[in-house]
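Since the structure comes first, as structure tokens, the remarks are kept for the end.
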Amino acid sequence: MAEKISANQFKAFGLELDGISKRTMDEHYVLYQGYVNKTNEIREKLEAVNLTTANQAFSDVRALAVELSFALGGVKSHELYFANLGGKGGKPTGRVLEVIERDFTSFEAWQAQLKAFGIAGRGWAWLAYDNFDGKLHNYIGDAQNSYPVWDAIPVLGLDVYEHAYYLDFGTKRAAYIDVFFRNIDWEDVARRLTEAEKAAAARKG
Ligand code: FE
């Protein structure tokens, strides 16, 4: 039996965010809960599906496997995004700043690229520690299951689906992204980066 997952709590929901309304966050949480429920539903159905009918044009197993990547990707990306919010934003300090400056030349260059990726993406942009080269990279997503790069660990997730900002900003996505930067909890990002770097070091032995 596939183990059921459940929705988690995030500190950002108990805080007043700067420019992102409580209504937006609450509606967003409902969408996240939907991804949790669908992940459980799909996993349960996968246990019973007839594997011998697998077909790439259409088959039940294909539909379930593809939509699992969307539902579970939705869970993971929202858990990252929600946990990243609720901080003071601005410029990070310490290791995060050091690594961003190492890998993007400057904080401003990194920020400009992530913002552009967020405008160019249809659903997501991420900052991730990529085990391939041990560096931070920005990556783009049209959806949570389109374009994630394997063996890279996202440390910051930027949701750019309309539901993340339409209530507060209408179609002004760039203004929302500016506000997103003001709410980043850099301590959360730092924890994730430290874990990723530790794991990478352990792998090297
Ligand atoms: Fe979302």
Side-chain angles (χ1 to χ4, degrees), residues 4-43 63-89 110-111 113-129 137-150 152-189 191-192:
K4 291 246 189 291
I5 60 167
S6 39
N8 287 309
Q9 301 296 317
F10 304 90
K11 67 183 179 308
F13 291 84
L15 300 168
E16 184 122 346
L17 298 182
D18 177 4
I20 302 173
S21 67
K22 175 116 180 59
R23 168 119 195 263
T24 290
M25 292 298 285
D26 288 346
E27 296 285 349
H28 211 159
Y29 194 81
V30 174
L31 290 177
Y32 158 67
Q33 284 174 312
Y35 287 130
V36 168
N37 294 338
K38 282 294 171 188
T39 296
N40 289 330
E41 183 186 331
I42 294 166
R43 282 180 163 165
L64 290 167
V66 169
E67 301 317 337
L68 177 65
S69 73
F70 188 76
L72 184 57
V75 173
K76 291 187 187 186
S77 282
H78 282 99
E79 290 195 349
L80 178 67
Y81 172 75
F82 290 152
N84 289 154
L85 290 174
K88 293 202 170 16
W110 163 75
Q111 194 175 32
Q113 193 191 55
L114 189 74
K115 184 175 177 181
F117 279 25
I119 293 168
R122 294 176 185 156
W124 291 96
W126 299 276
L127 172 66
Y129 177 88
H137 294 275
N138 289 324
Y139 290 127
I140 197 170
D142 276 348
Q144 48 264 23
N145 64 343
S146 57
Y147 322 126
V149 172
W150 287 102
I153 298 157
V155 296
L156 181 68
L158 167 56
D159 191 339
V160 294
Y161 273 108
E162 274 82 0
H163 64 243
Y165 63 87
Y166 204 86
L167 279 171
D168 300 327
F169 297 93
T171 57
K172 295 186 182 69
R173 190 193 288 185
Y176 154 70
I177 295 174
D178 289 341
V179 158
F180 169 79
F181 283 119
R182 299 212 303 259
N183 287 282
I184 294 174
D185 177 0
W186 284 113
E187 281 177 29
D188 183 68
V189 177
R191 265 195 302 279
R192 292 170 194 275

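Counting starts at 1 for both ligands and their atoms, following the listed order. All residue numbers in this chain count up from 1 along the given sequence.
- Salt bridge annotation for Arg23-Asp168: absent, with no cationic side-chain nitrogen under 4.0 angstrom from a carboxylate oxygen.
- If you look at the Fe ion (ligand 1), the protein N, O or S atoms less than 2.8 Å from it are His28 NE2, His78 NE2, Asp159 OD2, His163 NE2.
- Between Tyr161 and His163, the angle of the ring planes stays under 30°, which puts this pair in the parallel group of the 30/60° scheme.
- By the 4.0 Å N-to-carboxylate-O rule, Asp188 lies close enough to Arg192 to be salt-bridged with it.
- The shortest non-hydrogen separation linking Val189 to Val155 is CG2-O, 3.7 Å.
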Please set out all donor-acceptor pairs under 3.5 angstrom arising from side-chain atoms of residues 63-70, sequence neighbours excluded.
unit_1 : atom_1 : unit_2 : atom_2 : d
Ser69  : OG     : Val66  : O      : 2.6
Ser69  : OG     : Asn145 : ND2    : 3.0

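- Ion pair Lys76/Glu79 not flagged as a salt bridge, since none of the NZ, NE, NH1 or NH2 atoms sits closer than 4.0 Å to an Asp/Glu carboxylate oxygen.
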